[in-house]
Amino acid sequence: MREPLKARSLLDPRSLADALKMLRDEGPLTPLAGCTDLYVSLNFGTLKETRFLNLWRLDGLRTIQMRGDRLAIGALATHTDLIRSPLVRKRLPMLATAAREIGGVQIQNRGTIGGNVANASPAGDTLPVLAAADAVVVLQSAAGVRRVPFTGFYTGYRQSVRRSEELIVAFEIPRLSGRQWFRKVGTRAAQAISKVVMAGVVDARHEHPRIAIGSVAPTVIRLPMTEAAIARRAPIDEIRHVIASEIAPIDDIRSTADYRRRVAANVLARMLEPVGRSRRGSTGG
Ligand SMILES: Cc1cc2nc3c(=O)[nH]c(=O)nc-3n(C[C@H](O)[C@H](O)[C@H](O)COP(=O)(O)OP(=O)(O)OC[C@H]3O[C@@H](n4cnc5c(N)ncnc54)[C@H](O)[C@@H]3O)c2cc1C
């Protein structure tokens with residue numbers, strides 16, 4: 001059931017400094033970015049929070065630029081911004097591919113990468129990309145900035161190390177070498193939550209393969225045993241076996257554990273095919 005809006009309040013900062021002061025002095029406040037996740041719970045009457053902080057005007061959090069040799073993506077960059085960014089397409093093409101598969105155009109125009117990450121759904125499509133890319137989450141409060149490796153950001157199902165007075169302000173991605181790919185398997189191509197979502201970076205010599213997967217555990221995860229099998233150039237059947245035993249998916253309304261295991265193995269095997277034979281999901285790089 002829809003809830004009355006009058007019981008809720010919204011603070012509307014004009015600068016990041018103001019927003020951080022409001023979080024410190026007037027919190028707890030729930031940040032609002034594109035609202036594509038928050039509106040769903042508002043509409044269903046399940047949104048418990050009543051006091052909000054509007055981030056949408058903070059244009060400084062929307063930039064995508066190089067910071068030294070790192071790609072820095074502002075938390076308010078929308079999925080459309082990611083798709084259109086020449087820097088993202090060049091440095092992190094698997095992120096542009098992921099953004100293209102999120103919702104429909106309306107969701108891509110409003111939904112942000114910061115919202116996708118902060119929402120902390122294990123099925124969030126940008127999450128395996130950031131995990132495979134060894135991204136760093138930049139968190140800021142009125143007290144200062146701290147950087148957290150993306151792989152250490154989540155502490156459990158929908159839990160993260162972000163403190164209530166902090167905002168995610170950016171993601172920093174190191175230079176990656178090798179082929180990048182992203183693959184989402186869902187009921188249909190658009191407007192569907194994934195049953196399995198995977199991203200990877202593998203160079204020609206298989207030296208530092210990085211594979212991350214969502215929708216098979218309480219949080220997005222990297223697969224160290226599978227990565228080790230790829231690095232030692234194990235036969236593909238062995239790699240399929242390793243990934244199937246490394247993940248522990250559950251049965252839920254969207255899929256069964258057995259299906260997810262088999263799909264994960266198939267997707268990975270397809271992605272490891274030599275360039276040229278693997279058509280879907282590979283994004284060059
Ligand atoms: C029809 C539909 C289809 C969708 N399809 C997909 C899909 O295919 N794949 C997918 O991954 N997602 C999908 N989503 C979910 C959603 O669109 C994305 O997660 C989106 O990226 C959320 O971004 P937002 O800016 O709208 O977040 P919001 O709804 O504004 O916020 C989400 C959460 O993040 C917090 N938050 C936002 N920004 C910050 C910040 N900078 N710092 C700290 N906390 C912050 C908010 O407090 C809130 O808890 C879909 C949603 C809908 C309604």
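When a ligand or atom number is given, it counts from 1 through the structure's own listing order.
In summary, the atoms of ligand 1 found under 4.0 Å from a heavy atom of A118, numbered by their order in the structure, are 34 (O), 35 (C), 36 (N), 44 (N), 45 (C). Interface of H79 with ligand 1, defined as ligand atoms under 4.0 Å from a residue heavy atom, comprises 20 (C), 21 (O). For ligand 1, the atoms sitting less than 4.0 Å from at least one non-hydrogen atom of T36 are 16 (C), 17 (O), 18 (C), 20 (C), 22 (C), 23 (O), 24 (P), 26 (O), 29 (O), 53 (C), numbered in the order shown with element in parentheses. Near D37, meaning under 4.0 Å from any of its heavy atoms, are these atoms of ligand 1: 15 (C), 16 (C), 18 (C), 19 (O), 20 (C), 22 (C), 26 (O), 29 (O), 32 (C). Shown in contact with L167 at under 4.0 Å from a heavy atom are these atoms of ligand 1, numbered in order with element: 42 (N). Annotation for ligand 1: atoms under 4.0 Å from non-hydrogen atoms of C35 are 24 (P), 26 (O), 28 (P), 29 (O), 30 (O). Counting the atoms of ligand 1 from 1 in the order shown, those under 4.0 Å from a heavy atom of A33 are 25 (O), 30 (O), 37 (C), 38 (N). Atom numbering of ligand 1 starts at 1 in the shown order; those under 4.0 Å from a heavy atom of G124 are 11 (O).
The minimum heavy-atom distance linking L29 with L11 is given by the pair CD1-CD1, 3.7 Å. Scanning both residues, I247 and R260, for their nearest heavy atoms gives CD1-O, 4.3 Å. For the residue pair L53 and A19, the shortest heavy atom distance occurs at CD2-O, 3.9 Å. In terms of heavy-atom proximity, A132 sits nearest to R210 at O-CD, 3.1 Å. The two residues I64 and D81 have their closest heavy-atom pair at CD1-O, 4.0 Å. Closest non-hydrogen pair, V148 versus R146, comes out as CG2-NH1, 4.0 Å.
Ligand 1 has K184 within reach: a non-hydrogen atom of the residue lies less than 4.0 Å from it. Ligand 1 lies less than 4.0 angstrom from a heavy atom belonging to E101.
Taking all heavy atoms of T126, T112, V117 into account, the minimum distance to atom 23 (O) of ligand 1 is reached by T112. In this structure, of I107, N119, D125, the residue bringing a heavy atom nearest to atom 52 (C) of ligand 1 is I107. When L38, V197, V40, I168 are checked for heavy-atom proximity to atom 49 (O) of ligand 1, L38 turns out nearest.
In terms of N/O distances under 3.5 Å, ligand 1 is approached by N116. Note: no N/O pair closer than 3.5 Å links I102 and ligand 1 by distance alone. Residue I113 has no N or O atom closer than 3.5 Å to an N or O atom of ligand 1. At a 3.5 angstrom cut-off on N or O pairs, L32 does not count as close to ligand 1.
Between I102 and T126 there is a side-chain heavy-atom pair separated by less than 4.5 Å.
Taking R62 as the reference, D59 meet the side chain to side chain donor-acceptor pair (under 3.5 Å) condition, with sequence neighbours excluded.
Pairs engaging residues 101-150 under the ring-ring contact (aromatic ring centres under 6.0 Å, His included) rule: F150-Y154 [sequence neighbours left out].
In the hydrophobic clustering of ILVMFWY residues, with side-chain heavy atoms under 4.5 Å counting as a link, V117 and I73 come out together.
Remark: the backbone N or O of V137 is not paired with any side-chain donor or acceptor of R147 at under 3.5 angstrom.
The residue V169 has no part lying near ligand 1, judged by heavy-atom distances below 4.0 Å.
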